[in-house]
Chemist: 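Would you mind keeping the following structure in view while I ask a few things?
What you are looking at is a predicted structure, and each value in this text was computed from that prediction instead of being measured.
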Amino acid sequence: MRKELLLMSLIFFLIFNDLNSQTPTDLKVFRSECSNNEEWIGWQAITRPYFRYNFSLPFTRAEVIVSNEPYGGSYNKHYTFDNGNKCNQWFENLPTGRYTWRVSVYYQKSPDPYRWSEYATGPDFYVDIDPPSPPAVTESHCGGSASGWPAWTAHNSPYFTWSQPSDNGSGVSYYQVSVNGGGWNTVSSGWHPTYEGKNYFDFRSVDGVGNTSSIYRIYVRSDNTPPPPPDVIETDCGIPGVWTKHTSPHFIWTIVFDEGEMTGNGSGLNHYEVSVNGGAWTTVSPGWHPTYGTGQYTFSFRSVDNVGNASTPCVKSGIYIDDTPPQKP
């Protein structure tokens, strides 16, 4: 009798242990459908993953628990799929974070009644739907500004630097720049291009799954091109190389426009200068009418823009002035 009881107890233990040892197997996470080429790998910018699991016996329901609490989050939800499918999409959008998930199925092993299996734990998966922060860019060579157009500078090679900004998920992968609203190109901190004129540069961060940050804009105005020289005419001293007793040459010219001044891509003309016989440059205006005594003179005129770029000179030579009377016989 005792042997029969022991045997019955052993059989009951084996059956009970077999019933409770049933767990889902082959747990995987997928991006859009449960096919092998859609398997979830690393960080993904997807909010509703697909969970796949296998079970050897018929089941009618599956309970899935998704949580990011082990990694500092506050998301922990249970959901029951009343369909008996082995592939189910999560019922709501998930915020950025690293997640764990577990599944239990409601199954039957005939002729026993339906019961819940033990939980099986699937592989962690990573969701990243938040854009990174934009880079805080500094321009150090041309006086670039983030608040509006700065003063003109003669330096035509801006130098852009920034430190790595923050990102809650997959991390910043690279940076891009758009110049004057054009296409995006990959750049790195320490970018040192050559640009002249009035330009704005939009920078953004891109994280590991392709989320892009808002832009950080820098304005730069650089003018490295000299203006054209004035076309000077002398009206009072006659033919060049011919002596005259007129002591006040009269120089006139029309206004000169700086390169790009009319379209806003040049700094604009500031003033004109003259050098007499190779001497120092002195500021003058159109219609300059000096007085000189006896001698031979060469006048060099040039234009100067608002950042100090000077044109090639316009040379007026052969101005011969004689205001000295001869000696008595």
Chemist: Looking at Glu261 and Asn265, would you say the former's side chain and the latter's main chain have a donor-acceptor pair under 3.5 Å?
Modeler: no
Chemist: So, taking the atom named CZ in Phe125 and the one named CD1 in Ile41, what distance separates them when rounded to the nearest 0.5 Å?
Modeler: 15.0 Å
Chemist: So, do Trp101 and Val66 sit near enough that their side-chain heavy atoms are less than 4.5 Å apart?
Modeler: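 Counting from C-beta outward, Trp101 and Val66 do come under 4.5 Å.
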Chemist: State whether the side chain of Thr294 and the backbone N or O of Thr324 hold a donor-acceptor pair below 3.5 Å, judged by distance alone.
Modeler: yes
Chemist: What pairs with Tyr200 under ring-ring contact (aromatic ring centres under 6.0 Å, His included), at least two apart in sequence or on another chain?
Modeler: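 Per chain and number, Tyr200 pairs via ring-ring contact (aromatic ring centres under 6.0 Å, His included) with no residue.
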Chemist: For Tyr50, which fellow cluster members are found when Ile, Leu, Val, Met, Phe, Trp and Tyr are connected by side-chain heavy-atom distances below 4.5 angstrom, either directly or through intermediates?
Modeler: Phe30
Chemist: Quick one: pull up NZ in Lys316 and CD1 in Ile233 and give me the separation to the nearest 0.5 Å.
Modeler: 7.0 Å
Chemist: Please list all pairs meeting salt bridge (charged side-chain N to carboxylate O under 4.0 Å, His left out) that have one or both residues in residues 234-254, counting only residues at least two apart or in different chains.
Modeler: none
Chemist: Is there a donor-acceptor pair under 3.5 Å between the side chain of Arg98 and the backbone N or O of Tyr126?
Modeler: no
Chemist: With heavy-atom distances below 4.5 Å as the criterion, would you say the side chains of Pro131 and Thr212 are in contact?
Modeler: no
Chemist: Give a yes or no on whether the backbone of Tyr75 and the side-chain of Ser67 come within a donor-acceptor separation of less than 3.5 Å.
Modeler: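 Side chain of Ser67 to backbone of Tyr75: a pair is present.
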Chemist: Counting N and O atoms only, with roles assigned by atom type, does the side chain of Asn83 sit under 3.5 Å from a partner on the main chain of Arg61, one being a donor and the other an acceptor?
Modeler: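 No; zero donor-acceptor contacts below 3.5 Å.
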Chemist: What disulfide bond (SG atoms under 2.5 Å apart) pairs are there with at least one residue in residues 192-297, not counting sequence neighbours?
Modeler: none
Chemist: Restricting to pairs with a member in residues 203-224, which pass salt bridge (charged side-chain N to carboxylate O under 4.0 Å, His left out), not counting sequence neighbours?
Modeler: Asp202-Arg217
Chemist: Is it true that the side chains of Tyr71 and Asp124 contain a donor and an acceptor less than 3.5 Å apart?
Modeler: yes
Chemist: To the nearest 0.5 Å, what is the distance between OG1 (Thr23) and CD (Glu118)?
Modeler: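 Here the interatomic distance stands at 6.5 Å.
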Chemist: Check the pair His192 / His141 against side chain to side chain contact (heavy atoms under 4.5 Å, CB included), numbers first and verdict last.
Modeler: CA-CA 9 Å; His192 199 184; His141 284 180; 3.4 Å; yes
Chemist: For the side chain of Ser213 and the backbone of Ser205, is there at least one donor-acceptor N/O pair under 3.5 Å apart?
Modeler: yes
Chemist: Of all residues at least two apart in sequence or in a different chain, which pass the ring-ring contact (aromatic ring centres under 6.0 Å, His included) check with Trp281?
Modeler: none
Chemist: So how far is it from Asn156 CG to Asn224 CG, rounded to the nearest 0.5 Å?
Modeler: 4.0 Å
Chemist: Under 3.5 Å, is there a donor-acceptor pair between the Ser267 and Asn306 side chains?
Modeler: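 Short answer, no.
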Chemist: According to a 4.5 Å side-chain heavy-atom criterion applied to Ile, Leu, Val, Met, Phe, Trp and Tyr, with indirect links allowed, do Ile252 and Phe257 form part of one hydrophobic cluster?
Modeler: no
Chemist: Please check this pair: side chain of Asp258 against backbone of Gly266, looking for a donor-acceptor N/O pair closer than 3.5 Å.
Modeler: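 No; zero donor-acceptor contacts below 3.5 Å.
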Chemist: Do Pro249 and Pro290 come within less than 4.5 Å of each other through their side chains, counting heavy atoms only?
Modeler: yes
Chemist: Using a 4.5 Å cut-off between side-chain heavy atoms of Ile, Leu, Val, Met, Phe, Trp and Tyr, which other residues end up in the same hydrophobic cluster as Val304?
Modeler: none
Chemist: Can you see whether Ser157 engages His155 through a side-chain donor-acceptor pair at a distance of less than 3.5 angstrom?
Modeler: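 On atom types as modelled, these side chains qualify, holding a pair under 3.5 Å.
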Chemist: Ignoring hydrogens and geometry, is there a side-chain-to-backbone donor-acceptor pair from Ser117 to Val105 under 3.5 Å?
Modeler: yes
Chemist: Which pairs pass salt bridge (charged side-chain N to carboxylate O under 4.0 Å, His left out) with one or both residues in residues 267-292, sequence neighbours excluded?
Modeler: Glu273-Arg302
Chemist: Is the closest side-chain heavy-atom distance between Thr225 and Asn309 below 4.5 Å?
Modeler: no
Chemist: Suppose clustering is done on Ile, Leu, Val, Met, Phe, Trp and Tyr with side-chain heavy atoms closer than 4.5 Å. Which residues sit in the same group as Leu269?
Modeler: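 Via sub-4.5 Å side-chain contacts, Leu269 links to Val232, Phe251, Trp253, Ile255, Val256, Tyr272, Val274, Val276, Val284, Trp288, Tyr292, Tyr297, Phe299, Phe301, Ile319, Ile321.
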Chemist: For residues 151-170, which residue pairs qualify under salt bridge (charged side-chain N to carboxylate O under 4.0 Å, His left out), counting only residues two or more places apart or in two chains?
Modeler: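 Every pair satisfying salt bridge (charged side-chain N to carboxylate O under 4.0 Å, His left out) with a residue in residues 151-170: there are none.
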Chemist: Do any N or O atoms from the side chain of Gln89 and from the backbone of Phe91 form a donor-acceptor pair under 3.5 angstrom?
Modeler: no
Chemist: Ignoring hydrogens and angles, state whether a donor on the side chain of Ser133 or Ser166 is under 3.5 Å from an acceptor on the partner side chain.
Modeler: yes
Chemist: After noting the C-alpha distance and the side-chain angles of Asn76 and His78, does the key distance pass the side chain to side chain contact (heavy atoms under 4.5 Å, CB included) rule?
Modeler: CA-CA 7 Å; Asn76 190 321; His78 299 228; 4.0 Å; yes
Chemist: Considering the options Tyr114, Phe55, Phe81, Phe59, which one meets the ring-ring contact (aromatic ring centres under 6.0 Å, His included) requirement together with Tyr106?
Modeler: Tyr114
Chemist: Checking side-chain polar atoms at under 3.5 Å, does His246 have a donor or acceptor matched by the opposite partner on Ser248?
Modeler: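 Distance-only check passes for His246 and Ser248.
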Chemist: Suppose the criterion is disulfide bond (SG atoms under 2.5 Å apart): which pairs have a residue in residues 40-153, not counting sequence neighbours?
Modeler: Cys34-Cys87
Chemist: Taking Val209 as the starting point, is it possible to reach Ile46 by hopping between hydrophobic residues whose side chains are less than 4.5 Å apart?
Modeler: no
Chemist: Are a donor atom and an acceptor atom from the side chains of Asp323 and Thr247 found within less than 3.5 Å of each other?
Modeler: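 Per modelled atom types, Asp323 and Thr247 side chains form no pair under 3.5 Å.
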Chemist: Distance from Asp130 atom CG to Asn211 atom CG, nearest 0.5 Å?
Modeler: 7.5 Å
Chemist: What are the two closest heavy atoms between Thr312 and Pro229, and how far apart are they?
Modeler: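 Of all heavy-atom pairs spanning Thr312 and Pro229, the closest is O-CB, 3.0 Å.
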Chemist: For the residue pair Pro227 and Ser311, what are the closest heavy atoms and their distance?
Modeler: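 Smallest heavy-atom distance, with atoms named: O-CB, 2.9 Å.
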Chemist: Looking only at the side chains, is there a donor atom on one of Thr96 and Asn168 sitting less than 3.5 Å from an acceptor on the other?
Modeler: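 Looking only at side-chain atoms, Asn168 and Thr96 do not form any donor-acceptor pair under 3.5 Å.
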Chemist: CD of Gln296 to CG of Asn277: how many Å apart, nearest 0.5 Å?
Modeler: 9.0 Å
Chemist: Which hydrophobic side chains are connected to Val187, either touching it within the sub-4.5 Å cutoff or through other members that do?
Modeler: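 Reading the cluster by chain and number, Val187 sits alongside Val137, Phe160, Trp162, Val172, Tyr175, Val177, Val179, Trp191, Tyr195, Phe201, Phe203, Tyr216, Ile218, Val220.
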Chemist: Step by step, would you call Phe51 with Asn88 a side chain to side chain contact (heavy atoms under 4.5 Å, CB included)?
Modeler: CA-CA 5 Å; Phe51 299 116; Asn88 288 292; 5.6 Å; no
